[in-house]
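A short worksheet on the structure shown next.
Starting from 1, each residue takes its place in the sequence as its number.
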Amino acid sequence: MKNVLFSILGLIIIAVIALLFFFKGDGKNPYTKTSWGKYSGTCASEDAPNKDFGKEFHACDYEVPKEEIPVFKSLDFPFTHKFNGEKSLPLMASALIDVNNDGIDELFVGGGFDQEDGLFAYEDGAFAKAAFDLPNKPANSSTYGAVSFDLDNDGNTDLFLATDAGLLWYRNTGTGFEVSKIEVPFDDKSICASVTFGDIDRDGDADMFVSNYIKKELMEGVTIFKDFTYGASSLLMINKGDNTFEDATATYGLTYVHNTFMGIFVDMDKDGFLDLVVAHDTGEVRTYKNENGKKFTKKRNPTTGKFAYPMGIAVGDYNNDGNIDFFFSNTGSSVPVFMARGDLTEEDVFIKDWMLFKNEGNFNFTDVAKETKVADFEFSWGAIFEDFNLDGRQDLVVAENYIDFPPHKLFKLPGRFLVQRADGTFSAVEDQANAINKNYAITPLSSDFNQDGYPDLVFANLDGPIKVQINKGGDANYIAVRLPENAKYVGSTITVTKKDGSTLTDAYVIGEGLASDQTATITFGLGTDTEVASVSIALPDGSNQNLVDPKVNALNSL
């Protein structure tokens, strides 16, 4: 009997040790291999050799030249989010908003349960509380999502907050915010996680897609795939012309029950109408075509009929072919597949990897995550595309670490800062860039706070201080375009045509990342080029606008 007990105990100990080694090694870079055949967590530069295995090395399969790696300087930030795991979903709001129309973004950060929100401004090389009235938040409430948008088209950008108290409109008066509640018909199970805006019916005002998640107290687990009655119901709200909204979810063919972190309005097929991409947690990515402003039709994509954990969405034209592409976060390598599959059967196809949808045009998407070398990383949340080194290729930053996942208490992931190389592949350089973040980030954000042309980086951390990284910059050239945050411009596609005829493209959307909103300034890296041929904007009303006399190394405001 003793021998049996000792054998069982031995097997348990071996299993625990194996799991510990699994989770401890999860943060290693899967695409970096040293010249002596061992895998390492980094790809060393010559002046900072990696010593993870007790020896120095400099040769890597996917090394990025030092001059192509942006380097960041960390700043202290006067806000630490306080997460209450018993009361709140593991989300937090963050948004970039220019409250005073000076062309420089302030940073809004949502508070945890009964923690006040914060609005901060960058001045003289530091962040401090903004001199702008931010009302007290409702009691017994967490702030889950935030976007900035000028709903009433008065020239002042407003804030919209997804909270336990509902969807709140913080109307910018020019000196502060006036708060009102937007009436949304949430059912008894659903709570607002995030919101996106866009004029989907081309009537001149902004409509909303409200992404909803099941209430904290009703959650039954995080691996439920096949119970199609479990979860929240997201809503499409059509503007009635006076900035009140009516539920048009069924009319537009968007009725479903599924926990949803976020959605984005953007024109995927260049027909002049804003389409919709939605991330279903424990489900699939959904890509919907806007049928002339009358309804949405679900189109197939690489996840259709399969199962994954898409959460955050990055939006951009990573390969400069003029089509808008999408990155989706996932559980990745961090969660053993047998655990992540939850209630799926053997016949169900499960996708654990990160996903990068290359837009081939006309709603044809190919998942190129493997070939671009972004597939095999770890558990992730929000993500953004941004050209941080201004070389004309969009880079990818992904937030990592799950506060409710016990292994991440012991072995925290670094967060991934992925520079795009000339061959279209991405390389993780967060250590060389001084961009490692292990504080349970929900999303990255990016804005040029110090106005040097180089995008800076923020991590909205659910547990731990907000991390702000100022880009040390370099000698590359750029052109920046700032769009009004209103129904006329949101969803626009901006194209820069260079003197050699090549083009750079990006989209201005509301809500990229996760529960967050990015800047209204779109920055295009030009490398050594000192002028461009043209800058054109395809507006969501189907019209086109050309930027008159575009200025390089300057902010061009519309």
Side-chain angles (χ1 to χ4, degrees), residues 185 190 194-212 225 228-229 231-239 245-308 310 313 315 317 321-328 349 351 355-367 487 490-493 507 509-512 538-543:
S190 303
S194 66
V195 63
T196 190
F197 287 94
D199 182 6
I200 65 165
D201 52 6
R202 285 193 183 176
D203 64 354
D205 49 36
D207 311 301
M208 300 188 302
F209 184 77
V210 184
S211 297
N212 296 330
F225 289 93
F228 299 111
T229 65
S233 299
S234 296
L235 299 166
L236 179 70
M237 305 295 295
I238 296 296
N239 198 321
F245 298 83
E246 61 182 349
D247 182 4
T249 310
T251 303
Y252 276 77
L254 294 174
T255 301
Y256 66 84
V257 177
H258 205 106
N259 287 326
T260 304
F261 278 119
M262 62 176 294
I264 294 287
F265 288 126
V266 64
D267 187 359
M268 300 184 213
D269 58 354
K270 299 182 182 179
D271 68 347
F273 285 92
L274 295 182
D275 308 304
L276 176 65
V277 57
V278 181
H280 283 186
D281 188 24
T282 59
E284 62 185 19
V285 172
R286 290 203 172 180
T287 42
Y288 292 97
K289 176 177 170 57
N290 186 336
E291 304 284 4
N292 299 313
K294 303 298 183 183
K295 66 176 182 176
F296 285 99
T297 301
K298 189 174 79 165
K299 295 292 191 176
R300 291 190 64 83
N301 65 60
T303 69
T304 301
K306 303 173 185 176
F307 298 90
I313 307 176
V315 182
D317 180 12
D321 67 352
N323 296 321
I324 300 304
D325 311 301
F326 302 96
F327 169 88
F328 301 93
V349 178
I351 303 169
M355 297 167 283
L356 177 54
F357 285 11
K358 177 184 176 183
N359 187 345
E360 311 281 2
N362 196 30
F363 272 90
N364 293 310
F365 296 96
T366 303
D367 186 359
V490 165
S492 295
T493 300
V509 299
I510 296 294
E512 181 185 8
L539 278 67
D541 64 3
S543 66

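- Inter-residue side-chain proximity for V315 and F327 is flagged as unmet; no heavy-atom pair is nearer than 4.5 Å.
- Looking at V278 and V285, their side chains never come closer than 4.5 Å, going by heavy atoms from C-beta outward.
- Taking the side-chain contact (heavy atoms from CB on, under 4.5 Å) definition, one finds that A308 meets it with P310, N330, I351, M355, sequence neighbours left out.
- Side-chain atoms of K358 and L356, non-hydrogen and from C-beta on, never get closer than 4.5 Å to each other.
- Annotation: salt bridge (charged side-chain N to carboxylate O under 4.0 Å, His left out) contacts of D271 (sequence neighbours excluded): K289.
- Relative to the six-membered ring of Y256, R286 meets both conditions, a distance below 6.0 Å and an angle of at most 45° to the axis.
- Side chains of D207 and D205 form a contact here, defined as non-hydrogen atoms less than 4.5 Å apart.
- Remark: K270 pairs with N323 by the side-chain contact (heavy atoms from CB on, under 4.5 Å) rule, at least two apart or across chains.
- A heavy-atom distance below 4.5 Å is found between the side chains of F209 and T196.
- Looking at heavy atoms from C-beta onward, N301 lies in side-chain contact with F357 at the 4.5 angstrom threshold.
- Relative ring orientation between Y288 and F296 is described as perpendicular, the plane-to-plane angle rising above 60° on a 0-90° scale split at 30° and 60°.
- Side-chain contact between N239 and M208 is absent, with no heavy atoms from C-beta onward closer than 4.5 Å.
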> Given the rule in the side chain to side chain donor-acceptor pair (under 3.5 Å) test, do E284 and T304 qualify, once you have shown the distances and angles that lead to the verdict?
Replying inline: CA-CA 6 Å; E284 62 185 19; T304 301; 4.9 Å; no
